[in-house]
Asker: 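Take this structure, written in structure tokens, and hold onto it; I'll ask about it next.
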Amino acid sequence: MKGERRTKYQTNVKIRKSFDTERFFLVLCLVTACQSPPASAPTAGKPTSAEPALAFACPDSLFRSGDLVFRRGRSVSSDLVLLCEDEPTYSHVGLLVYDHGWKVVHAAPDEADEHGRYDRVMAEPPADFWHPRRCRAGGVYRLPLSDGAAERLTAEAIRQADEGRPFDHRFDERDTTAFYCTELIQFLFGKIGIDPSQGRRTRDGLIPFSPPLILPGHLLAHPDLQPIGRFP
């Protein structure tokens, strides 16, 4: 009897260790999924005249402030995030705004904004957000918004980028002083009374005591979200 209990206990410990390992790697990939590779990597840098941008099936004439812009990263961590999705499509998301030209407001670690600040909410041109060395696919999607709601949404996004809110390395949605990419989108739309994730969270496969996380796929699952343009 004791031997049988011991065997069951050892089996449960092995299962728990395996499960905790999977949870560790999920959080690890979410920590780095949004980040671009270091400058020494072949996928780093900005577009050059000799390096054409990715073919994009949505001209900027179709852009609207408040659109969601997604990208599928080239890093291993991005691939790991995609493995965590039920329907893997993208690994990062930002918000499109018009502020002296089209910009994407997003939160990403290990990327510098125009002031040279790292690990911040930042605004950059779509061509940089979809840099072909950091992005292999992307898309623009739209939730129906009134003009007034879109104005309030984008004004708040620009404010967050101007303030340079830090990246949320704790992934704690309750703390609104820092944001990770999907958390920022959730926060911004919440300001106009919209829940873009509709309460969807990833609770399985997490390190014990870590908060539930919002994945890009949770935003894509919104029934009112309409694709405007995608590539490749």
Side-chain angles (χ1 to χ4, degrees), residues 22-38 66 68-73 75-85 90-97 103-124 128-129 134-135 152-222:
E22 292 176 359
R23 294 191 294 192
F24 170 78
F25 280 110
L26 173 55
V27 171
L28 175 63
C29 72
L30 283 167
V31 169
T32 56
C34 304
Q35 68 188 65
S36 59
L68 293 177
V69 288
F70 293 84
R71 77 182 181 206
R72 186 185 186 108
S75 67
V76 172
S77 55
S78 295
D79 290 337
L80 290 173
V81 167
L82 295 171
L83 289 174
C84 300
E85 297 271 22
Y90 302 114
S91 57
H92 187 49
V93 63
L95 189 83
L96 192 64
V97 304
K103 304 279 182 64
V104 178
V105 175
H106 66 116
D110 295 340
E111 289 186 29
D113 64 12
E114 60 184 350
H115 305 293
R117 301 174 299 183
Y118 282 82
D119 291 9
R120 302 281 175 174
V121 174
M122 58 187 292
E124 64 180 352
D128 291 347
F129 181 83
R134 69 165 63 139
C135 172
R152 295 195 305 274
L153 175 67
T154 55
E156 179 64 24
I158 293 169
R159 186 177 74 84
Q160 295 293 335
D162 287 344
E163 290 183 4
R165 288 291 182 95
F167 187 85
D168 184 6
H169 289 284
R170 296 190 301 165
F171 296 90
D172 186 356
E173 192 179 347
R174 298 167 299 179
D175 179 6
T176 58
T177 63
F179 299 103
Y180 60 94
C181 69
T182 46
E183 181 188 11
L184 174 63
I185 299 302
Q186 184 72 25
F187 173 82
L188 293 174
F189 275 89
K191 288 289 189 179
I192 58 171
I194 295 177
D195 180 0
S197 68
Q198 294 191 313
R200 298 178 183 89
R201 300 292 186 275
T202 293
R203 293 181 173 86
D204 296 331
L206 299 178
I207 290 176
F209 310 115
S210 67
L213 299 173
I214 308 170
L215 294 172
H218 295 151
L219 306 179
L220 287 170
H222 196 292

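Keep in mind that the numbers below use all heavy atoms, side chains included, and drop hydrogens, waters and symmetry copies. Predicted model, so just to flag it, every value in this text is computed and none were measured.
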Asker: Give the minimum heavy-atom separation between Ala107 and Val121, together with the two atoms involved.
Answerer: CB-CG2, 4.1 Å
Asker: Any non-hydrogen side-chain atom of Thr182 less than 4.5 Å from a side-chain atom of His218?
Answerer: no
Asker: CD of Glu173 to CZ of Arg170: how many Å apart, nearest 0.5 Å?
Answerer: 13.0 Å
Asker: Does Glu114 reach the side chain of Met122, with side-chain heavy atoms less than 4.5 Å apart?
Answerer: no
Asker: Specify the closest pair of heavy atoms between Arg117 and Ala161, including all atoms of both residues, with the distance to one decimal.
Answerer: NH2-O, 3.7 Å
Asker: Looking at Leu213 and Tyr180, what are the two nearest heavy atoms and their distance?
Answerer: CA-OH, 3.6 Å
Asker: Hey, are the side chains of His92 and Cys181 touching, using non-hydrogen atoms and a 4.5 Å cut-off?
Answerer: yes
Asker: Mark yes when over 12 heavy atoms from residues, nucleotides or ligands other than Phe187 sit less than 6.0 Å from its CZ; otherwise mark no.
Answerer: yes
Asker: For Asp128, is there any backbone N or O sitting under 3.5 Å from a side-chain donor or acceptor partner on Arg134?
Answerer: yes
Asker: Shortest non-hydrogen contact from Val93 to Phe129?
Answerer: C-CZ, 4.3 Å
Asker: Is there a donor-acceptor pair under 3.5 Å between the side chain of Ser91 and the backbone N or O of Gly73?
Answerer: yes
Asker: Do Val105 and Leu184 have side chains that approach each other closer than 4.5 Å (heavy atoms only, starting at C-beta)?
Answerer: yes
Asker: CG/Asp168 to OG1/Thr177 distance, rounded to the nearest 0.5 angstrom?
Answerer: 7.5 Å
Asker: If you define the side chain from C-beta out and look only at heavy atoms, does anything of Asp119 sit under 4.5 Å from His169?
Answerer: yes
Asker: Hey, is Arg152 close enough to Glu156 for a salt bridge, meaning N to O under 4.0 Å?
Answerer: no
Asker: Judged by atom type as modelled, is there a donor-acceptor pair below 3.5 Å linking the side chain of His222 to the main-chain atoms of Leu219?
Answerer: no
Asker: Rounded to the nearest 0.5 Å, what separates atom CD in Gln160 from atom CG in Leu188?
Answerer: 6.5 Å
Asker: So which heavy atom on Val97 is nearest to which on Ala157, and how close?
Answerer: CG1-CB, 4.1 Å
Asker: Taking the side chain as every heavy atom from C-beta outward, state whether Ile185 and Leu95 have any pair of such atoms under 4.5 Å apart.
Answerer: yes
Asker: What is the distance from atom CD of Glu124 to atom CG of Asp113, rounded to the nearest 0.5 Å?
Answerer: 9.5 Å
Asker: Is there side-chain contact between Phe179 and Phe167, with at least one heavy-atom pair below 4.5 Å?
Answerer: no
Asker: Indicate yes or no for a side-chain donor-acceptor contact from Arg71 to the backbone of Gly94 under 3.5 Å, with no hydrogens or angles considered.
Answerer: no
Asker: Applying salt bridge (charged side-chain N to carboxylate O under 4.0 Å, His left out), can you list everything that pairs with Glu183, at least two apart in sequence or on another chain?
Answerer: none
Asker: What's the shortest heavy-atom distance between Ala221 and Arg200, and which atoms?
Answerer: O-NH2, 3.5 Å
Asker: Does some side-chain heavy atom of Ser197 sit less than 4.5 Å from a side-chain heavy atom of Asp195?
Answerer: yes
